[in-house]
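Along the sequence shown, the residues carry numbers beginning at 1. Being a predicted model, the structure only gives us computed values, none of them experimental.
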Amino acid sequence: MSESTAVSSHTEMDVEKFKEPSSTYHMLGGDDPHSYAQNSEYQKQLVVSAEEWICKLIDKHLDIEKPAFDPYMTFRIADFGGSIGPNTFFAIENIIKAVENKYKYNIKNPRIPEYHVFFNDHVDNDFNTLFRNIPTTRKYFPAGVPGSFHGRLFPNTTLHFAHCSTALHWLSRIPKEVIEVNSIAFNKGRIHYGGAAKAVKDAYSTQYRKDIDSFLSARAQELVLEGLMVLVILCFPDGVPPSESSIGIGFDIFGACLEDMARTGKITEEQVDSFNLPFYYPSPSELKALIEENGRFTLERIERLISPMKIEKPNLKIVTKGCVSHLRAVIGGLVKEHFGNEIVEELFQLHMKKLGENPMMFDEKYRKETNYFLFLKQKSHL
């Protein structure tokens, strides 16, 4: 099948679902103590954990004999949801190193291509900090691409390799049912689906299914035929709800902080009831089923990554501060937008206090969440 045939096989409905979602989320920019750049060691360790698999699987599945991977053409890589660095730079370096090794040892033509790298995140992302921190020793030509990865961002058959690490648990929007007072899925008094009614979980799950389908469909059109993609996604084992994990406990404690502030009149109860976190964590079997249902990729490998930041005898004060700083870097913008900037400092100080009073949060038996590495290849018969 030719590339033009593959592209034309997509329907008009594909274009409709690639429209930009209504909500945008971004990490805290800059490089101050509250920024994502200073509070993303967890994500960095996952990039490090994935490096070996990236090298092995690029060597196995990158078919440089195909015309689309001609070494005389520019090799194009995109990192989706990469925020402001520095982890996105580590990931790109790992990918390029593996790709170079593949071309370098090609007996017929050991030529190494030039690289064009695209860094993507929402339009409100701090691209200035991203560009300022791009390594001067880079082997690629960089570019920023603003927009939601739940929609199309590149022309057809543009990319050779796509990468997205610890970003696909973000939904494109909060399910409207969970904030509608008269809905059976109204999530009153909670900020997440963990521990909530089944209707709330179903609403989140339905939204995730739509979002992952849009993400995969968009990437399938943007990648060259048999283009490759790596995903690192936070999952929960089959049958384990988030409410039984350290993540769920942390969200419950954060919700309790908001309720405390509502009782003192610093925010309203209506504000709390309408605040829900846009995160969904699939199980590995659910994730496999959604990829198969989409039908545009083959899942060449799925591996459980070693959980980063495991501490045998944690200093609770230090770990608590780290957890709160990390959460603030991730959702601080959401809190500011929803409740106003006036409460941000007090809210996260209260969260630190409550976390420190709940050592169960740091008990290893509650660390049930697991990150999975997925290596996908675009199907050639689309």
Side-chain angles (χ1 to χ4, degrees), residues 21-30 32-36 38-39 83 122-126 169-197 199-201 203-204 207 242-243 245-281 317 319-358 360-361:
S22 58
S23 300
T24 63
Y25 311 113
H26 61 92
M27 308 295 102
L28 291 186
D32 64 43
H34 299 310
S35 68
Y36 180 78
Q38 298 296 324
N39 295 282
S83 190
H122 282 294
V123 295
D124 293 328
N125 183 58
D126 182 4
H169 58 284
W170 284 84
L171 299 176
S172 66
R173 54 174 58 84
I174 297 295
K176 62 180 181 180
E177 304 95 316
V178 306
I179 57 175
E180 292 179 343
V181 176
N182 296 322
S183 168
I184 61 170
F186 180 46
N187 199 22
K188 182 177 177 56
R190 305 192 69 85
I191 64 171
H192 196 240
Y193 67 86
V200 177
K201 165 67 163 61
Y204 267 85
Q207 185 63 52
S243 58
S245 72
S246 59
I247 284 181
I249 294 170
F251 288 164
D252 283 346
I253 294 172
F254 192 80
C257 294
L258 290 171
E259 291 177 345
D260 285 353
M261 297 191 78
R263 279 191 289 269
T264 60
K266 292 171 181 173
I267 54 177
T268 68
E269 185 178 342
E270 288 76 20
Q271 283 180 302
V272 177
D273 289 341
S274 60
F275 181 76
N276 284 261
L277 295 174
F279 306 142
Y280 182 82
Y281 308 103
K317 186 175 181 180
V319 175
T320 299
K321 183 178 180 181
C323 287
V324 173
S325 296
H326 178 265
L327 186 64
R328 182 169 180 170
V330 173
I331 69 168
L334 296 179
V335 171
K336 178 181 177 180
E337 180 182 347
H338 191 85
F339 297 102
N341 192 47
E342 297 78 13
I343 72 144
V344 172
E345 188 64 37
E346 183 179 350
L347 174 61
F348 283 101
Q349 287 297 325
L350 180 59
H351 188 220
M352 188 179 302
K353 179 177 181 295
K354 283 185 176 290
L355 274 182
E357 295 171 348
N358 193 331
M360 181 173 65
M361 167 77 182

For [X] and [Y], work out which heavy atoms get closest and say how close.
X	Y	value
Pro278	Leu334	CD-CD1, 3.7 Å
Met261	Leu350	CG-CD2, 4.2 Å
Ile174	Asn276	CD1-O, 3.0 Å
Asn187	His192	ND2-O, 3.1 Å
Cys323	Leu355	CB-CD1, 4.4 Å
Cys257	Leu347	CB-CD1, 3.8 Å

Working to the nearest 0.5 angstrom, can you tell me the gap between [X] [atom1] and [Y] [atom2]?
X	Y	atom1	atom2	result
Leu171	Gln207	CG	CD	6.0 Å
Leu277	Trp170	CG	CH2	8.0 Å
Asn182	Phe186	CG	CZ	9.0 Å
Phe251	Ser243	CZ	OG	12.0 Å
Ile331	Glu337	CD1	CD	12.5 Å
Leu258	Ile191	CG	CD1	6.0 Å

- request: Run the numbers on Phe275 and Ile179 for side-chain contact (heavy atoms from CB on, under 4.5 Å), then give the verdict.
  value: CA-CA 8 Å; Phe275 181 76; Ile179 57 175; over 6 Å; no

task: Go through the steps to decide whether Ser83 and Asn125 satisfy the test side-chain contact (heavy atoms from CB on, under 4.5 Å), and finish with yes or no.
output: CA-CA 7 Å; Ser83 190; Asn125 183 58; 4.0 Å; yes

Presence of salt bridge, Asp273 and Arg190, under 4.0 angstrom: no

- prompt: Is the shortest side-chain N to carboxylate O distance from Glu270 to Lys188 below 4.0 Å?
  reply: no

- request: Might you work through the side-chain contact (heavy atoms from CB on, under 4.5 Å) test for Ile343 and Lys336, ending with a clear yes or no?
  value: CA-CA 8 Å; Ile343 72 144; Lys336 178 181 177 180; over 6 Å; no

- request: Report the relative orientation of the aromatic rings in His351 and Phe348; use parallel for angles under 30°, tilted for 30 to 60°, perpendicular for over 60°.
  value: perpendicular

query: Parallel, tilted or perpendicular: which fits the ring planes of Tyr193 and Tyr204, with parallel below 30° and perpendicular above 60°?
result: tilted

query: Near Glu259 CD, under 6.0 Å, is it more than 12 heavy atoms from other residues, nucleotides or ligands?
result: yes

message: Apply side chain to side chain donor-acceptor pair (under 3.5 Å) to residues Ser274 and His338 and explain how you reach the verdict.
response: CA-CA 9 Å; Ser274 60; His338 191 85; 3.2 Å; yes

message: Show me the pairs that pass salt bridge (Lys or Arg N to Asp or Glu O under 4.0 Å) and involve residues 174-184, at least two apart or across chains.
response: none

message: Less than 4.5 Å apart, side chain to side chain, heavy atoms only: is that true for Arg328 and Val335?
response: no

- prompt: Mind checking whether Val330 and Phe279 have side chains closer than 4.5 Å, heavy atoms only?
  reply: yes

query: Is a donor on one side and an acceptor on the other found under 3.5 Å between the side chain of Glu357 and the backbone of Lys354?
result: no

